[in-house]
Amino acid sequence: MEVGKTYNVVFATGHYEIEYENGVTCIKVTPQSYRVERADGTTRLVKHDLIMNLEEIAGPT
């Protein structure tokens, strides 16, 4: 992920749990995780090694 770009992310949150975050923007990169911001302004931490699928989408033009 790169700061400022928008993504659809699929990641594991537990042993048998998978979550989807669509249309989130990366706002911070740390050595072990990414901080992403949703459209409603809330943020979420996603660990690097738990990402199962990452798809960059076109941002607003």
Side-chain angles (χ1 to χ4, degrees):
M1 280 190 182
E2 295 181 34
V3 174
K5 293 194 176 183
T6 305
Y7 298 91
N8 289 336
V9 185
V10 179
F11 59 98
T13 57
H15 194 68
Y16 295 106
E17 297 175 30
I18 297 174
E19 290 199 23
Y20 302 85
E21 290 288 347
N22 295 319
V24 294
T25 303
C26 181
I27 58 172
K28 184 177 181 182
V29 178
T30 66
Q32 295 183 357
S33 62
Y34 300 107
R35 173 71 61 181
V36 296
E37 183 176 22
R38 299 177 181 125
D40 66 359
T42 59
T43 63
R44 175 80 188 256
L45 198 65
V46 179
K47 293 196 175 233
H48 291 255
D49 57 345
L50 298 180
I51 294 176
M52 301 171 73
N53 189 16
L54 179 66
E55 177 184 329
E56 183 178 348
I57 58 174
T61 56

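The basis for the numbers below is simple: all heavy atoms, side chains too, and nothing from hydrogens, waters or symmetry mates. This chain uses plain numbering: 1 for the first residue, then up along the sequence.
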K.L.:
So, using side chain to side chain contact (heavy atoms under 4.5 Å, CB included) as the criterion, who are the partners of Asn8 when residues are at least two apart?
P.N.:
Asn22, Glu55, Ile57
K.L.:
Can you list, by chain and residue number, the hydrophobic cluster partners of Tyr34 when the side-chain cut-off is 4.5 Å?
P.N.:
Met1, Val3, Tyr7, Val9, Phe11, Val24, Val29, Val36, Val46, Ile51, Leu54
K.L.:
Does anything in residues 6-19 form a salt bridge (Lys or Arg N to Asp or Glu O under 4.0 Å)? List the pairs, not counting sequence neighbours.
P.N.:
Glu19-Arg44
K.L.:
So how far is it from Thr13 OG1 to Lys47 NZ, rounded to the nearest 0.5 Å?
P.N.:
12.5 Å
K.L.:
How is the hydrophobic cluster of Val10 composed, in terms of its other members, when Ile, Leu, Val, Met, Phe, Trp and Tyr link through side-chain heavy atoms under 4.5 Å apart, directly or indirectly?
P.N.:
Ile18, Tyr20, Met52
K.L.:
Does anything in residues 28-41 form a salt bridge (Lys or Arg N to Asp or Glu O under 4.0 Å)? List the pairs, not counting sequence neighbours.
P.N.:
Glu21-Arg38
K.L.:
Clusters formed by hydrophobic residues whose side-chain heavy atoms approach within less than 4.5 Å: which one holds Leu45, and what are its other members?
P.N.:
none
